[in-house]
Amino acid sequence: MSKVDLSSYNNSWYQPGSRFKRAVWFVVNATCIQSKWMPSSGIRKFWLRLFGAKLGKGVVIKPRVNIKYPWLLEIGDYTWIGEGVWIDNLDKVKIGKNVCVSQEAYLLCGNHDYSKKTFDLIVKPITIEDGAWVGARAIVCPGVMCHSHSVLSVNSVATMSLESYGVYQGNPASLVKTRKIED
């Protein structure tokens, strides 16, 4: 049987931005975005926009959020990003309007090909459509689409796309009921 050989790992094909841009962002992210001492969502939005994030109106970004590459991030109007959320966007992350990504949720765009001895990097985008809710400490895996008004419950793991108005729970997340929204 073959074995993994990490000495042969090579992700030189992956270039998410210049080294300088990534280094400056690392400092800004650590001091202004991830900081629990920075109370203003406005300051976080200023820096995110300056680094290329597309943010709609009324977006709320709580303290301690970690965003890998803001130039690969798009967030629609009146969306909430909760405290401690990690957007590990090695690929594009598009979040629609009126979405809630609750505290400490994890949006993960990267993984590795465990079937290759070189453990190749795999990156895939994530899309969270309008009205969806990603619950606290839930994980959305690479390539997943959370369709309109879907719900991923607390501590659940979405490894496959979620249907519109579906409520999902567990690891891996499975459909448990249909979301009904009252007027």
Side-chain angles (χ1 to χ4, degrees), residues 6 9-113 119-130 132-146 152 154-159:
L6 294 180
Y9 178 77
N10 180 354
N11 70 342
S12 61
W13 61 270
Y14 181 69
Q15 297 297 322
S18 73
R19 286 182 189 212
F20 178 75
K21 182 178 185 179
R22 287 183 286 154
V24 173
W25 172 249
F26 180 83
V27 173
V28 170
N29 190 36
T31 57
C32 297
I33 311 300
Q34 291 179 328
S35 173
K36 65 181 179 181
W37 304 109
M38 189 69 61
S40 171
S41 186
I43 292 170
R44 284 186 284 283
K45 291 188 296 186
F46 166 81
W47 284 108
L48 287 166
R49 284 185 177 115
L50 189 67
F51 276 85
K54 295 179 179 102
L55 306 177
K57 62 184 174 185
V59 170
V60 174
I61 300 175
K62 294 289 190 175
R64 297 190 311 105
V65 170
N66 185 8
I67 297 170
K68 181 78 82 178
Y69 302 126
W71 48 93
L72 296 175
L73 179 63
E74 184 177 333
I75 301 175
D77 299 342
Y78 304 106
T79 287
W80 302 343
I81 306 297
E83 192 164 345
V85 167
W86 185 359
I87 301 176
D88 195 4
N89 58 334
L90 296 173
D91 203 330
K92 182 148 179 101
V93 169
K94 183 176 181 181
I95 302 171
K97 298 175 184 173
N98 300 297
V99 170
C100 179
V101 180
S102 291
Q103 59 271 25
E104 297 185 9
Y106 186 27
L107 308 183
L108 173 66
C109 289
N111 208 337
H112 293 276
D113 187 346
F119 208 54
D120 296 348
L121 177 65
I122 301 168
V123 296
K124 294 181 182 174
I126 289 174
T127 301
I128 302 174
E129 293 183 343
D130 296 351
W133 179 17
V134 177
R137 294 192 173 176
I139 299 171
V140 179
C141 291
V144 167
M145 180 176 281
C146 300
L152 181 61
V154 170
N155 275 327
S156 296
V157 180
T159 58

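- Shown here for G110 and L90, the closest heavy-atom pair between the two residues is CA-CD1, 3.7 Å.
- Heavy-atom neighbours of R64 CZ from other residues, nucleotides or ligands within 6.0 Å: above the threshold of 12.
- Scanning all heavy atoms of the two residues, the minimum distance from S35 to P63 falls at O-CB, 3.7 Å.
- In this structure, K45 NZ and I75 CD1 are separated by 10.0 Å, a value rounded to the nearest 0.5 Å.
- Ring geometry, Y14 versus Y69: the interplanar angle falls from 30° to 60°, so the pair is classed tilted.
- The CD1 atom of I95 sits 9.0 Å away from the CG atom of N89 when rounded to the nearest 0.5 Å.
- If you take CG on L55 and OG1 on T79, they are separated by 10.0 Å, rounding to the nearest 0.5 Å.
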- request: Verify side chain to side chain contact (heavy atoms under 4.5 Å, CB included) between K54 and K94, making sure each step is shown before the conclusion.
  value: CA-CA 9 Å; K54 295 179 179 102; K94 183 176 181 181; over 6 Å; no
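- Shown here is W37, whose CH2 atom has no more than 12 heavy atoms of other residues, nucleotides or ligands within 6.0 Å.
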- request: Report the C-alpha separation of W86 and Q34 in whole Å, then their side-chain angles, then the decisive distance to 0.1 Å, and conclude whether the side chain to side chain contact (heavy atoms under 4.5 Å, CB included) test is met.
  value: CA-CA 9 Å; W86 185 359; Q34 291 179 328; over 6 Å; no
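- Remark: the backbone N or O of K97 is paired with a side-chain donor or acceptor of D130 at under 3.5 angstrom.
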task: Evaluate side chain to side chain contact (heavy atoms under 4.5 Å, CB included) for N29 paired with N66, printing each intermediate quantity in order.
output: CA-CA 7 Å; N29 190 36; N66 185 8; 2.8 Å; yes
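- Atom CD1 of I122 and atom CG of D113 lie 4.5 Å apart (nearest 0.5 Å).
- Heavy-atom minimum distance, G135 versus S102: C-CB, 3.6 Å.
- Proximity of H112 to L121: side-chain heavy atoms (C-beta onward) are separated by under 4.5 Å at one or more points.
- The distance from atom CD1 of I61 to atom CG of L48, rounded to the nearest 0.5 Å, is 5.0 Å.
- Formation of a donor-acceptor pair under 3.5 Å by the R44 side chain with backbone atoms of M38 is found in this model.
- Atoms OG and CZ, from S40 and F46 in turn, are 11.5 Å apart once rounded to the nearest 0.5 Å.
- Q15 places a side-chain N or O within 3.5 Å of a backbone atom of S12 that can act as its donor or acceptor partner.
- Of all heavy-atom pairs spanning G82 and V85, the tightest one is O-CG2, 3.0 Å.
- Other residues, nucleotides and ligands contribute at most 12 non-hydrogen atoms within 6.0 Å of the CZ atom of F26.
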- prompt: Taking it one step at a time, do D88 and L108 satisfy side chain to side chain contact (heavy atoms under 4.5 Å, CB included)?
  reply: CA-CA 5 Å; D88 195 4; L108 173 66; 3.7 Å; yes
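- Under the 3.5 Å distance criterion, the side-chain polar atoms of S156 are left unmatched by any main-chain donor or acceptor of A138.
- Partner C109 forms a side-chain contact (heavy atoms from CB on, under 4.5 Å) with one of V123, I126, V140 and no other, that one being I126.
- Remark: the backbone N or O of W25 is not paired with any side-chain donor or acceptor of W47 at under 3.5 angstrom.
- The two residues V59 and G76 make their nearest non-hydrogen contact at CG2-O, 3.3 Å.
- Salt-bridge check for E83 with K36: failed, with every basic side-chain N at 4.0 Å or more from each acidic carboxylate O.
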